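Just so it is clear, the model here is predicted, and its values are computed rather than measured. Throughout, a chain's letter reflects where its sequence line sits, starting with A, and its residues are numbered from 1.
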There are 2 protein chains.
Amino acid sequence: MSTVGKAISLLELFTIDEPELGLTEIARRSGFDKATTRRLLVSLARHGFVEQDAETRLYRLGAGLTRLARIREARFPILQTALPFIRELAAVTAETLHLSEASNGSLLTVHVEHPARANRVNVNVGEYLPLHSTASGIAYLAHVREAVLKAALAGPLAPFTAHTVTDPTAVLDAIEAARKRGYSIMDQGYEEGVHSVAGAILGADGYAIGTLAIAAPVVRTSRAAAAERGKAVAAVAREISERLNGEGFNVLKSRAFA
Amino acid sequence: MSTVGKAISLLELFTIDEPELGLTEIARRSGFDKATTRRLLVSLARHGFVEQDAETRLYRLGAGLTRLARIREARFPILQTALPFIRELAAVTAETLHLSEASNGSLLTVHVEHPARANRVNVNVGEYLPLHSTASGIAYLAHVREAVLKAALAGPLAPFTAHTVTDPTAVLDAIEAARKRGYSIMDQGYEEGVHSVAGAILGADGYAIGTLAIAAPVVRTSRAAAAERGKAVAAVAREISERLNGEGFNVLKSRAFA
DNA sequence: TCTAATGGTTCATTATTTGAACTCTTATTT
DNA sequence: AAATAAGAGTTCAAATAATGAACCATTAGA
C-alpha cells in the first residue's frame, strides 16, 4: 500500500460510533507500527485532517476535511440541495432515508435520517454500498455509462444474504426494471429483513451522481407500501436532480446515452 | 515534505473558483513531477478523496471527503447546528457572515453567507484566518488554553495592512477586551476597508471550537452599527454554543481556565 | 498533414519510510 | 507509597517505497 493510502486508511478508522481514538489503538487497528502511525497522524494533523485533543491526547477527524468537503459541495451541492427534501420525506414516511454520493464508481452514504421509532433500519454515514445488492446500487447502475455498468457486473457478485441476486443477467433485469419504473426495489439483498427502494439523482450530463433510498423492515413492507415509497422516493430524487441542475428531469435523462 | 503532505497539498489546489484541474496543471502548480502527481492522485482517488471526470479527464475533490466530514460533523455538529441561526442573522444584518472552525490551533472558514448587494466583503470557504489580525482570531484567542494563546503570540505577527496590530501586548489587550465585551472587533486588521466583529463558539469544556463573524465595508460601519453587529453576533454565537452542548453559555465559560 | 499539448507509463536511482527498542508520563494495583 | 502497567512519543540503521527523466498515446489546433 502506498504511504498515502496508509494515511487515509487511518482516517477511515474513525466512525460515528468511535470518533476519537488513541495512538496505540490506531496503531493496533491499522496494523502499522506505532512510530509509523504517529508520523502519519502528525502529517495529517499538519493539514487539519486530524486533530488531537489537548487534554485526552486522543485523535479525531479535523476541520480540514469539512473545509474540503465544502469546496466539493460548492460544485456538487447534493447535500445542501437535498437536505430539506429529505427531511420532509423522512417526516412523511417515518422510515430510514439515506442519501448516497457516487465517487469513483462506488456509492457512499453521506447523510441519513432515522425515524423516531424502535424498529427501524439503521444505516451509518460513511458506509460504502455494494452496487448489485442494494436498492441504491441498482438505481445508480440504471443511470451510468455503459463502461461503469460493465465494470460493476464484471467481478463475482458477493452474496450477502440468501436473497442476494448474484447472477449478472438477473441484476441487469432489475436495473432495466428500475429504469422503466423510475425507482429500484431491493428485497433483503444486502441485509436480512430489510427492504429498500431508491431513486437516482442525475447530474447535468444525465448520468447518476447519487441516490436517495428508503429502507424499512420487511414486516412493515406490503407490496402497496413498497410501491408508495418507491413513487415518493423517485419523485424526491427527481426534484433534487432538477434543483441541482436547473433543468427538467426528462431533459437530463435524455442527455445520457447520447 | 512527507509523501502524505504532498498528497494533501494536491487536494488544497482545488478551490471554489477552480474546482476541476487537469493532471499537467496539478503537476505544474504543485511543483511535483507529473509521474509523482499522477501516482498521488491515483492513491487519493482509490479512497474517494479525488475523482476523475470520465469525459474530460479532469480531477476534482471526491465524495470520500464529504463522508469523513460528516463523521466529524456527527461529533461536532457546528455547521448543522449553526446554519439556521446564521441564515437568520445574515438576513437581518445584510452583511457577510462567516463561520470558522478551530483545528490544530488554526481557524478555517467552513461556511459563508453573502448578502445580495453589490458592495460587500467577500470571504471564501476554505480560507485559513490569521489569529492576531482578524475578529474571528481574537474572539477565538479569548477562549483558548493558556498554552495555545502563548503559541499564537510567540512568533512574529505579520502586518497585513497599515492597521494591523503586531505588538503582542496590544493584541492581548484586544483579547481581554473581547472577553469582557462578549465579542471582538477588528478594524481593517486583515484587509483594508473591512471591519469585522466576531463571537466565540464554545465546546463542552468551555474552550472555543469555532467563531462566527460579521464582516462589512468600513463605509457602512459607524460605531453604533459595529456595536449592534457585535451584540448580534455574540448572541448567536452564544445560542449556537448552548444548542451544541445543551448547557448555558455561562456554565460552559466557567468550565474553562478551571 | 504536421505540431503542440495533455494524459499516462516505465524503471534505475534516490530518498523516505519503517520498526525494534527506547524513554517519559500517567493511571492502576499491591 | 512503591511497584506495575499501559499509553504517548522518539531514535536511527535497515528496508522499502517514492522519484523523475524519458518514453508512448491520444487529442486539438495550425
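- With respect to the salt-bridge test (charged N to carboxylate O, under 4.0 angstrom), the residues A/Glu101 and B/Arg67 do not qualify.
- Heavy-atom contacts from other residues, nucleotides or ligands closer than 6.0 Å to CZ of B/Arg243 number 12 or fewer.
- A salt bridge links B/Arg72 to A/Glu51: at least one charged side-chain nitrogen sits closer than 4.0 Å to a carboxylate oxygen.
- For B/Lys6 and D/dT19, the shortest distance from a side-chain N or O to OP1 or OP2 is below 4.0 Å.
- Atom CD in B/Glu20 sits about 16 Å away from atom C1' in C/dG7, given to the nearest Å.
- One end of the helix from C/dT1-D/dA30 to C/dT30-D/dA1 points its axis 40° away from the other end's axis, with each axis taken from 5 pairs and the angle rounded to 10°.
- Remark: P of D/dT16 and CE of A/Met1 are 16 Å apart, rounded to the nearest angstrom.
- Between A/Glu127 and A/Thr109, the side chains place no donor N or O within less than 3.5 Å of an acceptor N or O (distance only, hydrogens not considered).
- Salt-bridge check for B/Glu25 with B/Arg28: passed, with a basic side-chain N closer than 4.0 Å to an acidic carboxylate O.
- OP1 or OP2 of D/dA18 has at least one side-chain nitrogen or oxygen of A/Thr3 nearer than 4.0 Å.
- Straight-line distance from the CZ atom of B/Arg39 to the C1' atom of C/dG8: 14 Å, rounded to whole Å.
- B/Ala198 and B/Ala213 make their closest contact through CB-CB, 3.7 Å (heavy atoms, listed as atom of the first residue, atom of the second, distance).
- A 6.0 Å sphere centred on CZ of B/Arg145 holds more than 12 heavy atoms belonging to other residues, nucleotides or ligands.
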Restricting to nitrogen or oxygen on both sides, can you table the protein-nucleotides 6-10 of chain D pairs closer than 3.5 Å?
| from | atom 1 | to | atom 2 | distance (Å) |
| --- | --- | --- | --- | --- |
| D/dA8 | OP1 | A/Leu23 | N | 2.9 |
| D/dA8 | OP2 | A/Leu23 | N | 3.3 |
| D/dA8 | OP2 | A/Thr24 | N | 2.4 |
| D/dA8 | OP2 | A/Thr24 | OG1 | 2.4 |
| D/dA8 | N7 | A/Lys34 | NZ | 3.3 |
| D/dG9 | OP1 | A/Gln52 | NE2 | 3.1 |
| D/dG9 | OP1 | A/Arg57 | NH1 | 2.7 |
| D/dG9 | OP2 | A/Gln52 | NE2 | 3.2 |
| D/dG9 | OP2 | A/Tyr59 | OH | 2.8 |
| D/dG9 | N7 | A/Lys34 | NZ | 2.9 |
| D/dG9 | O6 | A/Lys34 | NZ | 2.5 |
| D/dT10 | OP2 | A/Arg38 | NH1 | 2.2 |

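- No side-chain donor from either of A/Ser136 and A/Ser100 sits under 3.5 Å from a side-chain acceptor of the other.
- Atom pair B/Ile26:CD1 and C/dG7:P shows a separation of 8 Å (rounding to whole Å applied).
- Side-chain polar atoms of B/Ser43 and A/Ser2 form a donor-acceptor pair below 3.5 angstrom.
- The nearest whole Å value for the distance from the CG atom in A/Leu41 to the C1' atom in C/dT17 is 15 Å.
- Between the CZ atom of B/Arg28 and the C1' atom of C/dG7 there is a distance of 16 Å, given to the nearest Å.
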